[in-house]
Protein chains: 2
Amino acid sequence: MKPALKAETEDCSYISQMLSRVGDKWTVLVVTYLGEGSMRFSELQRRIGGISQKMLTVTLRNLERDGFVSRTVEPSSPPRVSYELTALGHELLVPVTGIAEWTRANIGRIEAARQAFDRSQNG
Amino acid sequence: MKPALKAETEDCSYISQMLSRVGDKWTVLVVTYLGEGSMRFSELQRRIGGISQKMLTVTLRNLERDGFVSRTVEPSSPPRVSYELTALGHELLVPVTGIAEWTRANIGRIEAARQAFDRSQNG
DNA sequence: CAGGATCCTCCTAGATACTG
DNA sequence: CAGTATCTAGGAGGATCCTG
């Protein structure tokens with residue numbers, strides 16, 4: 001039996017990974033769009049706009065590996081590959097939405113702080 | 001009066017900034033330590049461990065600019081500079097803790113998904 | 001259509017040296 | 001002590017070419 005410290009250290013590693021993941025450039029955007037329902041690769045790319053094939057592929061692979069997204073291939077020609085959120089993926093939206101809503105509610109305070117800070121630096 | 005779309009687009013920019021901020025390597029760690037109370041630069045660096053002077057400086061400046069941290073200088077020699085969370089900084093801990101707790105609660109499901117994914121890739 | 005493989009570029013972050 | 005300035009390496013992300 002490992003001491004509690006070990007377990008908490010491991011937890012921190014996972015927490016850090018998740019914060020980093022949701023903080024990357026595309027993950028939250030992809031998850032948000034998939035929150036509307038199942039979607040194909042090209043449709044996702046078109047709707048997001050500005051994401052390269054490579055980054056969409058990488059982002060989806062990461063999400064699939066962690067169990068947030070499921071990938072379905074219809075064996076046809078040309079192939080149709082669709083993605084959708086798993087239950088875990090939908091649940092992830094809850095805490096992420098928490099930060100988003102907190103930010104939206106506090107934009108005014110943040111912006112005021114920035115302007116005050118920038119003024120104090122220039123003056 | 002701007003249309004709603006404009007406002008939402010601007011919100012997304014802020015939300016993206018905040019997600020990116022809390023997703024960077026040191027911000028959450030610094031905020032968490034400062035959550036315990038006011039702390040000096042060197043104490044913060046020693047307790048966090050592994051963070052360079054430069055990155056601690058940059059992280060603190062960003063937090064200060066956004067109004068999450070306040071900086072106090074005692075004019076002495078050598079100078080004593082201490083940092084503490086503002087009210088806004090303490091409030092930020094709430095949604096961030098939300099993601100952290102969600103992650104901690106779901107580590108098992110994530111880890112299981114990863115192992116299943118990795119097995120399916122190798123086999 | 002979906003995505004693998006490359007190449008390239010920029011930014012982040014770390015190391016180091018210096019200052020008030 | 002608490003920074004600033006400079007240099008550099010590594011990784012994230014974009015552009016492009018190619019394939020089943």
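Everything numeric here is computed off the predicted structure, so don't read it as measured data. So that the names make sense, note that chain A is the first sequence line, chain B the second, and so on, each numbered from 1.
Closest to the A:Pro79 side chain, of the nucleotides C:dC1, C:dG3, D:dA2, is C:dC1. In this structure, of D:dC1, C:dG3, D:dG13, it is C:dG3 that holds the atom nearest to the side chain of A:Gln53.
Residue B:Lys54 is the one, among A:Met55 and B:Lys54, whose nearest nucleotide of DNA chain D lies closer to the 5' end (criterion: closest heavy atom).
OP1 and OP2 of C:dA2 both lie 4.0 Å or more from every side-chain N or O belonging to A:Arg71. An OP1 or OP2 oxygen of C:dA2 is reached within less than 4.0 angstrom by no side-chain nitrogen or oxygen of A:Arg80. Regarding contacts with the backbone of C:dA2, a side-chain N or O of A:Arg40 is found under 4.0 angstrom from either OP1 or OP2. Side-chain N/O atoms of A:Ser42 include one lying less than 4.0 angstrom from OP1 or OP2 on C:dA2. A close approach under 4.0 Å does occur between a side-chain nitrogen or oxygen of B:Tyr83 and OP1 or OP2 of D:dG3.
The closest donor-acceptor contact from the side chain of A:Thr59 to the backbone of A:Leu56 lies at 3.5 Å or more, if one exists at all. A donor-acceptor pair under 3.5 Å is absent between the side-chain atoms of A:Ser16 and the main chain of A:Cys12, judged by distance alone. No donor-acceptor pair under 3.5 Å is formed between the side chain of A:Glu84 and the backbone N or O of A:Arg71.
Residue A:Val31 comes nearest to A:Leu85 through the heavy atom pair O-CD1, 3.8 Å, listed as atom of the first residue, atom of the second, then distance.
Here D:dA2 presents its C1' atom at 14 Å from CD of B:Glu43, a figure rounded to the nearest Å. Distance, B:Arg61 CZ to D:dA2 P: 12 Å, rounded to whole Å. Rounded to whole Å, the distance from CD on A:Glu74 to C1' on C:dA2 is 13 Å. We find that NZ of B:Lys25 is positioned 14 Å from P of D:dG10, with the value rounded to whole Å. Nucleotide D:dG13 holds its P atom 9 Å from the CD1 atom of A:Ile51, rounded to whole Å. One interatomic measurement links the two molecules: CE of B:Met39 to C1' of D:dA2, which rounds to 16 Å at whole-angstrom precision. If you take CD of A:Glu64 and C1' of C:dA2, they are 13 Å apart, rounded to a whole angstrom. In this structure, B:Phe41 atom CZ and D:dG3 atom C1' are separated by 6 Å, rounded to whole Å.
Among B:Asp24, B:Val28, B:Thr27, the one residue that satisfies the side chain to side chain contact (heavy atoms under 4.5 Å, CB included) test with A:Leu19 is B:Val28.
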